[in-house]
Amino acid sequence: MIIPEFYNTLTHHIAPLKPSRPGPDPQDPLNGAEITLYSCGPTVYDYAHIGNFRSFLFADLLRRYLEIRGAVVRQVMNMTDVGHMTDDQIADGAGRDKLELAVEKMKENKKTGRALVENPNDPFQVADFFIQAFQQDALTLRLQVVMDHHAAPEAEKENIMPRPTRHIGEFISLIRTLISRGHAYVGSDGVVYFDVGSFPDYGALSGNSVDQLAHGAGGRTNEQAAKRHPADFFLWKPDQKHIMRWPSPWGDGYPGWHVECSSMAMSILGESLDIHTGGEDNIFPHHECEIAQSQCATGRPFVHLWMHARHLMVNGEKMSKSKGNFFTIRDLVEKGYDPLVVRYALLAARYRETLNFTLKGLHEAAAAITTLRDLAEKLLLAVAGVDEAAGDGLPSTRTALSQLAQTLDPADLDMLTEFDRALAEDLNISAALAAVFIWAPPLLKQKTIGFPCARSALLALKRVDHVLQVAFPPVLPFDPAKLADIESLLAGRNAARAARDFAQSDAVRRQLLALGVELKDTPAGTTWRRCLAPAVPPA
RNA sequence: GGCCGGAUGCCCGAGUGGACUAAGGGAGCGGAUUGCAAAUCCGCGAUUCGUGGGUUCGAAUCCCACUCCGGCCUCCA
């Protein structure tokens with residue numbers, strides 16, 4: 001078996017993944033391994049945008065790939081409900097809090113009659129609102145960790161998607177430990193700072209050195225009397241007036257924004273994690289500081305493999321609200337794109353390349369997904385004709401490929417082998433998809449497909465789709481409210497066709513297309529299905 | 001200023017020394033089929049990989065220089 005290799009931001013090298021709890025087979029340690037994975041999640045003072053979701057989907061791709069290789073992945077994704085500073089010119093947490101700004105916005109909304117929460121003065125309600133919105137979006141994109149959280153019993157939820165505001169006590173004890181071990185101190189301003197000088201490896205992840213950080217031309221550190229070193233960052237800031245504050249040995253205040261991930265990751269997953277993911281902007285300072293805090297507190301390596309997704313651009317430019325190229329998932333759904341089209345578009349480019357997101361790209365994604373859905377539909381039909389239970393009786397999609405070799409037709413096994421191999425090369429999704437799109441057309445072209453073949457191909461496609469999550473179910477549900485309109489338009493079109501009034505027939509087709517319905521005329525009659533993308537492609 | 005990535009056909013995007021006559025997707029074009037339709041099927045498309053040098057029997061792939069683009073350097077996925 002090929003052992004997957006991934007690029008480690010910390011070492012700057014691609015290296016084989018070595019699970020800390022491998023499976024029983026030394027040749028295939030991933031099969032049966034337990035892997036701990038911590039993914040930096042969203043801050044919840046606004047709707048998450050497609051850039052956020054690219055990074056979360058990259059983690060989802062990684063996780064789902066490890067799963068089809070037979071690993072059990074324990075993934076945690078935090079929901080940052082403590083605000084962070086917006087004007088953080090210096091590393092001490094000055095400036096206005098993002099949640100505070102969100103609260104302001106909510107109040108504005110209330111004035112204009114668009115109240116989103118009951119009490120817009122309550123930062124907890126505001127955070128709750130955006131957490132709900134994030135989870136709704138994430139579920140439509142089929143992020144496994146959020147699906148797990150959704151399905152989990154109440155007592156387990158906090159171990160899947162923890163919220164910092166519910167772990168303040170743990171943060172305080174972590175900070176205490178750091179102070180007692182000489183890695184943190186209370187400055188003359190009463191703020192608790194981490195002492196970067198006490199951790200020689202500070203800067204290893206980002207390629208900085210403590211010295212450079214102090215003198216970097218673009219660096220935003222500056223000398224402050226209260227701190228020992230300009231790069232020292234705060235762990236606890238006492239602030240009697242802050243919008244969110246908790247009691248602590250250093251006075252009422254709030255925790256530093258790096259503490260939450262260190263603390264929650266270690267308390268839920270253990271002191272040493274297999275993998276930690278995030279967006280590239282997290283490398284410095286966030287993950288650098290996490291390493292410092294965690295390793296100074298435990299004396300053990302914090303994370304074996306650091307993986308970071310590159311940012312995405314929109315229409316060749318950095319995404320920003322002022323440029324009007326800022327998209328949320330709900331924006332795109334509003335335009336008529338299926339969320340799974342968005343999933344595919346954000347997933348289909350390699351995570352270490354900058355992705356240029358365009359609406360044209362969404363249409364390309366829709367076309368690609370349609371091929372897979374057509375195949376899924378055909379295979380399910382072929383199997384259902386022989387044995388109703390066959391679709392459910394397949395081996396799990398999480399079965400290592402070596403255990404499926406006997407079950408599969410050679411062409412299907414070849415495709416899956418190539419799919420696995422490509423993803424094993426630092427998640428080369430493009431090459432993996434190429435294998436799928438070489439494999440699928442011959443199956444689609446076969447006029448009929450026998451049961452054993454269909455069953456094997458179905459198993460193969462389901463395994464691929466365990467990772468991709470775009471092909472099943474092949475027919476998407478449709479807004480029932482529109483159903484009557486569609487039926488009557490369809491009847492009218494059939495009448496026009498019977499009368500050979502093709503101009504009228506085509507006019508109705510265009511009407512249906514505008515409603516998000518595409519038609520297929522077959523000898524057996526006309527069938528229709530929901531479109532995955534709006535009818536008119538962008539210019 | 002420091003550090004890090006990138007430039008492949010009309011677009012997106014694999015390929016990191018010989019099986020590259022450069023994967024795959026999208027758009028386009030020609031044909032079959034059809035209702036001079038949609039869907040589907042068949043076929044076509046980079047003598048070339050940002051520019052200029054070099055190494056090599058051999059370079060998209062290695063080295064040097066240059067041009068351009070992007071990211072980070074304490075808000076950020």
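Order of the sequence lines fixes the chain letters, A, B, ..., with proteins taken first and strands second; residue numbering starts at 1 for each chain.
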[N] to [M] separation - [atom1] atoms, rounded to the nearest Å:
N: rC64(B); M: rU21(B); atom1: P; answer: 27 Å
N: rC11(B); M: rG5(B); atom1: C1'; answer: 22 Å
N: rG9(B); M: rC20(B); atom1: C1'; answer: 14 Å
N: rA77(B); M: rA14(B); atom1: C1'; answer: 25 Å
N: rA60(B); M: rC4(B); atom1: P; answer: 27 Å
N: rA22(B); M: rC44(B); atom1: P; answer: 13 Å

Looking across every strand, which nucleic acid part, if any, lies under 4.0 Å from [X] by heavy atom: base, sugar-phosphate, or nothing?
X: Glu353(A); result: sugar-phosphate
X: Gly51(A); result: base
X: His49(A); result: base
X: Leu444(A); result: nothing

Proximity of His363(A) and Tyr337(A) rings by center, below 6.0 Å: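 Yes.
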Ring centers of Phe134(A), Phe53(A) separated by less than 6.0 Å: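 Between Phe134(A) and Phe53(A), the centre distance is under 6.0 Å.
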So, is [X] close to the [N] phosphate, meaning a side-chain N or O under 4.0 Å from OP1 or OP2?
X: Asn428(A); N: rG15(B); result: yes
X: Lys447(A); N: rC41(B); result: no
X: Thr354(A); N: rG71(B); result: no
X: Lys318(A); N: rA77(B); result: no

Every protein N/O within reach of nucleotides 31-35 of chain B N/O, cut-off under 3.5 Å:
{"from": "rG35(B)", "atom 1": "N7", "to": "Arg497(A)", "atom 2": "NH2", "distance (Å)": "3.2"}
{"from": "rG35(B)", "atom 1": "O6", "to": "Arg493(A)", "atom 2": "NH2", "distance (Å)": "3.3"}
{"from": "rG35(B)", "atom 1": "O6", "to": "Arg497(A)", "atom 2": "NE", "distance (Å)": "2.8"}
{"from": "rG35(B)", "atom 1": "O6", "to": "Ser505(A)", "atom 2": "OG", "distance (Å)": "3.4"}
{"from": "rG35(B)", "atom 1": "N1", "to": "Asp506(A)", "atom 2": "OD1", "distance (Å)": "3.2"}
{"from": "rG35(B)", "atom 1": "N2", "to": "Asp506(A)", "atom 2": "OD1", "distance (Å)": "3.3"}
{"from": "rG35(B)", "atom 1": "N2", "to": "Asp506(A)", "atom 2": "OD2", "distance (Å)": "2.7"}

Thinking salt bridges, do [X] and [Y] make one under a 4.0 Å N-O criterion?
X: Lys520(A); Y: Asp374(A); answer: no
X: Arg373(A); Y: Glu377(A); answer: no
X: Arg310(A); Y: Glu353(A); answer: no

Mutual orientation of the aromatic rings belonging to His49(A) and Phe326(A) [parallel < 30°, tilted 30-60°, perpendicular > 60°]: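 Answer is perpendicular, since the angle exceeds 60°.
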His287(A) and His308(A) aromatic ring geometry - parallel, tilted or perpendicular at 30°/60° bounds: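 Judged by the thresholds at 30° and 60°, the geometry between His308(A) and His287(A) is tilted.
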Which protein N or O atoms sit under 3.5 Å from an N or O of nucleotides 23-27 of chain B?
{"from": "rG25(B)", "atom 1": "N2", "to": "Glu364(A)", "atom 2": "OE1", "distance (Å)": "3.1"}

Gap separating the CZ atom of Arg142(A) from the CG atom of Asp60(A), nearest 0.5 angstrom: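 These two atoms lie 11.0 Å from each other.
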Consecutive Watson-Crick or G-U pairs in runs of at least 3, all under 3.5 Å, in which RNA chain B is involved: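 Listed by first number, the stems are B:1-7 with B:67-73, B:10-12 with B:24-26, B:28-32 with B:40-44, B:50-54 with B:62-66.
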Upstream residue (5' side of RNA chain B) when Ser55(A) and Lys445(A) are each assigned their closest nucleotide: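 Here Lys445(A) is the residue nearer the 5' end.
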His12(A) vs Pro285(A), nearer the 5' end of RNA chain B by closest nucleotide: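 Its nearest nucleotide lies further toward 5', so the answer is His12(A).
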Pi-cation contact, Tyr185(A) with Arg228(A) (under 6.0 Å, within 45°):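 Checked: cation-pi criterion met.
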